[in-house]
Amino acid sequence: MLSAESLAQIDRELTKYPPEQKQSAVMAALRIAQVELGWLSRDTIEFVAHYLGMPAIAAYEVATFYNMYDLAPVGRNKVTLCTNLPCQLQGADKIAEHLQGKLGIGFNETTADGRYTLKEGECMGACGHGPLCLHNNHKMHDHLTPESVDKLLDEMK
Amino acid sequence: MSLNTPDTQVCLWTLQHAEPASLATYTANGGYEALKKILAEKTPAEAIIAEVKTSALRGRGGAGFPTGLKWSFMPRNFAGDKYVVCNTDEGEPGTFKDRDIIRFNPHQLIEGMIIAGYTLGAVAGYNYIHGEIFEEYESWERALEEARVAGLLGKNILGSGWDFDLHAHHGYGAYICGEETALLESIEGKKGQPRFKPPFPASYGLYGKPTTINNTETLASIPWIMRHGGQAFLELGKPNNGGSKIFSISGHVNKPGNYEIPLGTPFADLLEMAGGVRSGHTLKAVIPGGSSAPVLTAEAMMACTMDFDSIARAGSMLGSGAVIVMDDSVCMVKALERLSYFYFEESCGQCTPCREGTGWLYRIVHRIEHGQGRPEDLDELLRIGKNIGGNTICALGEAAVGPVASFVKHFRKEFEYHIEHKKCLVGA
């Protein structure tokens, strides 16, 4: 189900923990699986659980608890905008409005062409640089303005 | 600036250098000297803990607990594995200092964790890094590799015969994992739900082994303290509030950012460093220690110095040092609505008073903000708050109540106007 490269990454994560504590690698393994497959299906979660020798339900608990895991398909580009208070004070509401207007979708929606999904996020720990967003969970873009958002969206293929 | 000469910049001094994050910059300026000395002289753990106690270093993650005292709780003669854990799960709205330590001075954190590991007799250490800062997770892993190659981590560190390694564990979006026992559950590959205490992590921590958990800035301060002595660190700040501290300022200032200044510095000076309040506006309110800290009025805040004791006397807490500045354009009902949503969203759901109570708080503030408030709502908010506080396993419930109680206390008129006139007083 996962590529040799993804499995090698998971194996590397396993080296961080005591041999009898393989479950410790489940968060990383789910992340690695999501990066390869785009989202976490039930089959994927079960595969990861089996690979780590843990009950599927325990892996499913983790996948449903942490909010950066996607349990349903998302667009090729997931844009998560922080709207928490410090970002709000620095103009996140305006960016939210701009993003929704430009893409014609609301939060938790995906454009018809499958190119973009919009999400509302909680504090990302970079408040002084707000407003800011995450692209596909791993790349942060800060000091957002309507103009910089337009440029970013163009670059996301 | 360097670690060689004492300076008020304890953690972010590397920013004065061309390549702040590199091992070369760190070692050329006194980095890893404290560790080398400890290993060469086989400094007794008790002596290191005594030095940290002298420094009056207090936890930089929010609770302000004395670090030396926390370290002394670890059982010295425990036969099995022990762990040291760094808490970089920085998700308290307003806080963004630990990210900068990893970006700009990762090796000082590594050295601090190694010294902690040596002192506490740990076999390994984990740094739990906030899910939303993946690039910093990767950059810290690269710094660890640099340290391994240089013989600073792994087997037989610097020829001392002592083995110790560090690893990064990446979170994936759960504020609650900043709570130390939820963080341990998360490293164990479980839902991040806080544990009952006692037992405390010093006796039953990661994998059930004795564990000490400290904040990133706390651990990164250790090399400075061991290099210049606890007394020098204490003298940077003021009694019972040793050292400098990084303050993260966000909101309505001209220059949001991190400012590392001695504890005890007047708030007015910090505000000036951050470029002051946006032009054309006046200061209205400040949340001085991250979103969980009670809000203070401009007047109360301007009378404070930035240290644990002064902010506590004013009725709030220094917390993580995250200063959220609000000017006269802010509707306090709307601001509280967003914060209340955050706690509702992030409650782990384990304890009923928090799981249900945070939802009630949010829905009531939401209806006040949207012109559907009822006259009895303000007292109802306070009543719900009292039923959450003290009735939950961890402090998230109380963290949700702090903003509600303080916003209503200091800005009650705004809430009443919203309820009565179904619109906002600000700009009315």
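No experiment lies behind these values; they were computed from the predicted model shown. Lettering of chains follows the sequences in order, A, B, ..., and the numbering in each one begins at 1. What's counted below: heavy atoms across the whole structure, side chains too, no hydrogens, waters or symmetry copies.
- Within the 4.5 angstrom heavy-atom criterion, no atom of E138(B) approaches chain A.
- Side-chain contact between I133(B) and M124(A): absent, with no pair of heavy atoms (C-beta onward) separated by less than 4.5 Å.
- Contact of L166(B) with chain A is not made at all, since no heavy-atom distance falls under 4.5 Å.
- Under 4.0 Å is where a charged nitrogen must lie from a carboxylate oxygen, and between K334(B) and D93(A) at least one such pair does.
- In terms of heavy-atom proximity, M27(A) sits nearest to Y128(B) at CE-OH, 3.9 Å.
- Taking all atoms of both residues into account, the shortest heavy-atom contact from L89(A) to V325(B) is CD1-O, 3.7 Å.
- Proximity to chain B is limited to the side chain of Q88(A), based on heavy atoms less than 4.5 angstrom apart.
- Within a 6.0 Å sphere centred on NE2 of H143(A), other residues, nucleotides and ligands contribute more than 12 heavy atoms.
- Under the 4.5 Å side-chain criterion, counting only non-hydrogen atoms from C-beta, Y66(A) is in contact with C177(B).
- The structure places CZ of R338(B) at 9.5 Å from SG of C87(A), a figure rounded to the nearest 0.5 Å.
- In terms of non-hydrogen atom pairs under 4.5 Å with chain A, the most contact-rich of S248(B), S250(B), A322(B), G91(B) is S250(B).
- Contacts of H170(B) with chain A are made by both backbone and side-chain atoms, with heavy-atom separations under 4.5 Å.
- Contact annotation for L336(B): neither backbone nor side-chain heavy atoms come within less than 4.5 Å of a heavy atom of chain A.
- Of the atoms belonging to L85(A), heavy atoms from both backbone and side chain fall under 4.5 Å from chain B.
- When all heavy atoms of G128(A) and P256(B) are compared, the closest pair comes out as O-CB, 3.5 Å.
- Taking the six-membered ring where the residue is Trp, the centroids of Y207(B) and Y17(A) are separated by 6.0 Å or more.
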Please step through side chain to side chain contact (heavy atoms under 4.5 Å, CB included) for the pair N137(A) and Y172(B), ending with a clear verdict.
CA-CA 9 Å; N137(A) 291 331; Y172(B) 226 54; 3.5 Å; yes
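- Side chains of Y126(B) and S24(A): no donor on one and acceptor on the other come within 3.5 Å.
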I'd like to know whether M140(A) forms a side chain to side chain contact (heavy atoms under 4.5 Å, CB included) with E135(B), so could you lay out the CA-CA distance, the side-chain angles of the two residues, the decisive distance to 0.1 Å, and finally the verdict.
CA-CA 8 Å; M140(A) 188 178 285; E135(B) 290 160 288; 4.0 Å; yes
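- Heavy-atom contacts from other residues, nucleotides or ligands closer than 6.0 Å to CZ of R42(A) number 12 or fewer.
- Put simply, CZ on F342(B) and SG on C123(A) are 6.5 Å apart, with the number rounded to the nearest 0.5 Å.
- The line from CG of D142(A) to CZ of F96(B) is 11.0 Å long, rounded to the nearest 0.5 Å.
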Test H129(A) against R99(B) for side chain to side chain contact (heavy atoms under 4.5 Å, CB included), laying out the working first.
CA-CA 12 Å; H129(A) 309 271; R99(B) 173 172 176 254; 3.6 Å; yes
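- Interface remark: K139(A) contributes backbone and side-chain atoms alike to the contact with chain B (heavy atom separation under 4.5 Å).
- With a 4.5 Å cut-off on non-hydrogen atoms, I187(B) touches chain A through its backbone and its side chain both.
- Under the 4.5 Å side-chain criterion, counting only non-hydrogen atoms from C-beta, Q23(A) is in contact with K190(B).
- For chain B, no part of T64(A) is nearby; none of its heavy atoms comes within less than 4.5 Å.
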Derivation and outcome, side chain to side chain contact (heavy atoms under 4.5 Å, CB included), residues E122(A) and E132(B)
CA-CA 9 Å; E122(A) 289 302 341; E132(B) 284 81 351; 5.8 Å; no
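- Within a 6.0 Å radius of CD in E20(A), other residues, nucleotides and ligands contribute more than 12 heavy atoms.
- Neither the backbone nor the side chain of E185(B) comes within less than 4.5 Å of any heavy atom of chain A.
- Across every non-hydrogen atom of P93(B) and N84(A), the tightest pair is CG-ND2, 3.4 Å.
- Interface remark: of the candidates S291(B), G192(B), G257(B), G192(B) forms the most heavy-atom pairs closer than 4.5 Å to chain A.
- Heavy atoms closer than 4.5 Å to chain B are found in both the backbone and the side chain of A126(A).
- Looking at K16(A) and E141(B), their side chains come closer than 4.5 Å, going by heavy atoms from C-beta outward.
- Heavy atoms closer than 4.5 Å to chain A are found in the backbone of T95(B), but not in its side chain.
- Heavy atoms of C348(B) lying under 4.5 Å from chain A belong to its backbone as well as its side chain.
- S186(B) touches chain A through backbone and side chain together, each having a heavy atom under 4.5 Å away.
- The aromatic rings of H138(A) and F134(B) sit parallel, their planes meeting at an angle under 30°, below the 60° perpendicular limit.
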